[in-house]
Amino acid sequence: MERSFYGTTLASPLMLGTAGYPSPATLTAAFQASGASVATVSLRRESGAAREGQDFWAMIQALDVKVLPNTAGCHTVKEAVTTAHMAREVFGTPWIKLEVIGDDDTLQPNVFDLVEAARVLSADGFQVFPYTTDDLVVADRLLEAGCEVLMPWGAPIGSGRGLNNPFALRAMRAHFPDVPLVVDAGIGLPSHAAAAMELGYDAVLLNTAVSKAGDPAMMARAFADAVRAGAAAHAADPMEPRDMAAPSTPVLGKAFLS
Amino acid sequence: MKPVTVIGAGVAGLCVATELTARGVPVRIIDRAKPPSPKACSWWAGGMLAPWCERESAEEEVIRFGQEAFGWWQRHTDCVRQEGSLVVALGRDRQELARFGRRTSGYQEVDRATLREMEPDAAAVHGGLFFPDEAHLSPRDALASLVDGLEAAGVVFEEREVATPEPDGPDLTIDCRGLAAKDRLDDLRGVRGEMVVLRCPDVSFRRPIRMLHPRIPIYLVPRGEGVFMLGATMIETSSRAGVTARSLLELLSAAYALNPAFGEAEILEIGVDVRPAFADNLPRIRRKGNVIRANGLYRHGFLLAPSLARMVADLVQHDIQPEFSDDQAYA
């Protein structure tokens with residue numbers, strides 16, 4: 001089933017961040033190798049706000065992918081809303097990845113302020129991609145607030161731990177069959193991305209796993225292969241695990257040689 | 001022989017002028033400010049000659065060409081301190097050290113006891129990597145030293161604004177204007193850096209210390225007499241606006257974590273400037289008619305300016321194609 005992101009169908013389920021690459025040349029090479037359809041851009045750091053940030057912005061535009069600005073590093077509703085407005089002006093898109101950090105050690109989202117900020121921004125015409133936990137009640141509130149996409153975490157940002165709670169992610173998929181879901185944060189390896197796609201998620205969003213790899217372009221290619229494999233596996237209706245062995249070759253009638 | 005004009009008296013221009021002068025090529029230098037000047041971004045540099053460490057996030061060329069820097073600076077100044085450099089991480093960021101070690105070479109692993117002997121004031125860390133062949137210098141002293149040498153050789157400095165040099169100009173001109181040369185180098189970009197100069201007599205380091213952190217890696221370079229350069233942020237923008245509270249907090253907190261005595265340090269200077277860089281963060285030398293544009297030293301000004309200067313001089317004297325060239329380079 002193809003779920004659209006505010007009316008946009010993505011050619012690839014890979015969303016890549018643009019921070020922390022050794023150089024713009026390696027960033028460009030990684031995007032080309034990944035076939036990613038979306039680039040997240042942090043307004044605070046790679047400041048597109050002033051004219052002075054335009055070189056970086058021009059480079060992102062040259063990638064020819066959808067831009068998803070984010071409110072990374074925001075800690076309050078006010079900060080996140082202000083950043084979102086700046087982002088809309090600079091990048092010319094209603095898309096915003098909404099991040100409201102509640103704890104500095106785990107970079108865990110403050111879900112209360114997240115819902116509030118999502119309400120304010122949705123009412124203002126933004127198309128909000130909320131970075132949230134895997135809590136179903138919070139997810140429900142986010143949808144109520146106007147979000148049409150949910151982005152639960154796999155694990156804390158930058159931790160590379162993969163899917164910490166596959167049970168909760170599976171429950172979320174089952175609970176919201178019509179909502180586009182993205183695993184955002186915590187993905188360290190292509191196998192983690194494949195696992196998210198196997199659960200039926202619509203996309204994965206990652207940054208550090210590629211930007212801090214020894215060879216970002218090679219890692220980006222590995223992620224492209226992984227999401228393709230995971231999506232195909234989900235579409236192919238995988239078998240259910242069972243507790244008992246089930247021989248794939250019938251024993252009955254087997255040649256008796258000894 | 002008519003003098004070659006060098007425009008820009010930052011580390012690139014001064015190294016090019018020094019190299020040409022040493023080879024007997026007459027030179028004049030033009031800059032809007034008398035060097036060494038805070039208007040050049042090299043004024044704010046760390047001054048680490050650390051090609052092996054830099055390899056962590058830079059292309060292989062940085063090691064290959066960076067090694068020319070040691071001898072060059074020793075020949076032309078007496079500013080080089082050959083003490084090696086240390087890379088450390090605090091307890092919970094220890095994996096960063098393993099990653100750094102995998103991406104680099106030319107180091108020895110040092111345990112806590114050895115580290116304590118080497119740098120007693122870096123006791124907060126449990127271990128690290130020692131790069132024995134690396135060195136550092138004080139950028140302002142080194143630039144002043146080059147200026148003295150050039151003046152002694154009779155080179156004329158002209159302190160004035162100058163028009164953008166064009167290929168059809170009458171004299172051979174080396175354009176070393178850094179980011180200002182973006183008016184002729186479309187693919188040049190600015191990478192903002194913020195740094196702090198501290199005086200902290202309670203702390204003494206012999207060598208630069210880099211502290212790894214997934215978000216806020218910092219380095220401290222000793223300048224002697226209790227003075228340290230603490231740097232440096234890397235932000236993709238050409239803005240020279242004042243330092244942000246966030247950057248300052250991050251830099252100072254990291255120094256404080258390395259040794260709480262930095263909490264008592266006197267802040268002498270806060271610097272902000274913008275490094276010129278190309279997409280792969282490697283420098284370029286491009287010639288067109290009578291202009292040679294040498295630029296893009298990024299965060300490797302003192303490390304790569306010597307090889308840049310050697311290549312420019314080889315191009316001027318013998319028409320040798322520079323290694324720092326690309327398809328647009330040499331027309």
Side-chain angles (χ1 to χ4, degrees), chain A residues 17-32 39 41-60 62-63 72-75 79 83 90 101 104-107 156-161 185 188 207-209 211-217 219, chain B residues 54-62 92-93 95-96 98-104 179 182 185-192 194 212-217 233-241 244-247 249-250 253 272-282 284 296 298-300 326:
Chain A
T18 54
Y21 288 82
S23 70
T26 48
L27 184 158
T28 303
F31 265 82
Q32 281 164 354
V41 183
S42 154
L43 185 72
R44 303 177 69 84
R45 274 289 155 135
E46 287 86 19
S47 161
R51 208 178 47 245
E52 291 92 355
Q54 67 187 357
D55 291 331
F56 190 79
W57 175 218
M59 188 187 65
I60 301 297
L63 297 173
C74 288
H75 286 72
E79 233 186 327
T83 306
V90 172
I101 297 303
D104 266 331
D105 254 357
T106 59
L107 298 179
I157 296 174
S159 68
R161 305 186 63 87
N207 188 344
T208 315
S211 68
K212 294 291 183 204
D215 185 334
M219 190 58 87
Chain B
E54 285 299 312
R55 179 71 177 99
E56 186 251 344
S57 61
E59 304 291 332
E60 184 273 327
E61 282 86 340
V62 168
R92 66 183 201 173
D93 301 321
Q95 312 94 304
E96 295 292 316
R99 189 180 59 87
F100 197 95
R102 286 202 308 276
R103 306 267 166 88
T104 55
L179 196 61
K182 187 166 169 59
L185 296 167
D186 265 356
D187 50 345
L188 198 64
R189 76 185 204 284
V191 182
R192 172 183 163 101
E194 299 152 311
L212 305 180
H213 183 276
R215 273 177 295 157
I216 316 151
T233 54
M234 304 273 289
I235 301 171
E236 289 285 344
T237 172
S238 320
S239 165
R240 289 188 174 88
T244 61
R246 176 196 307 259
S247 295
L249 273 168
E250 289 177 350
S253 311
V272 177
D273 213 326
V274 181
R275 316 163 177 97
F278 290 100
D280 57 4
N281 295 337
L282 289 173
R284 295 288 188 283
Y298 182 53
R299 58 182 270 167
H300 302 131
D326 53 29

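Lettering follows sequence order; numbering is per chain, from 1.
Using a 4.5 Å heavy-atom cutoff, the side chains of A/Thr28 and A/Phe31 are not in contact.
Neither the backbone nor the side chain of B/Arg192 comes within contact range of chain A; no heavy atoms are under 4.5 Å apart. Contacts of B/Leu188 with chain A are made by backbone atoms alone, with heavy-atom separations under 4.5 Å and no side-chain atom involved. Heavy atoms of B/Arg103 lying under 4.5 Å from chain A belong exclusively to its side chain.
With no hydrogens or angles considered, a side-chain donor-acceptor pair links A/Asp104 and A/His75 at under 3.5 Å.
Taking both residues in full, the closest heavy atoms of B/Val274 and B/Ser238 are given as CG2-O, 3.5 Å, listed atom of the first, atom of the second, then distance.
The backbone N or O of B/Pro276 sits nowhere less than 3.5 Å from a side-chain atom of B/Arg189 that would complete a donor-acceptor pair.
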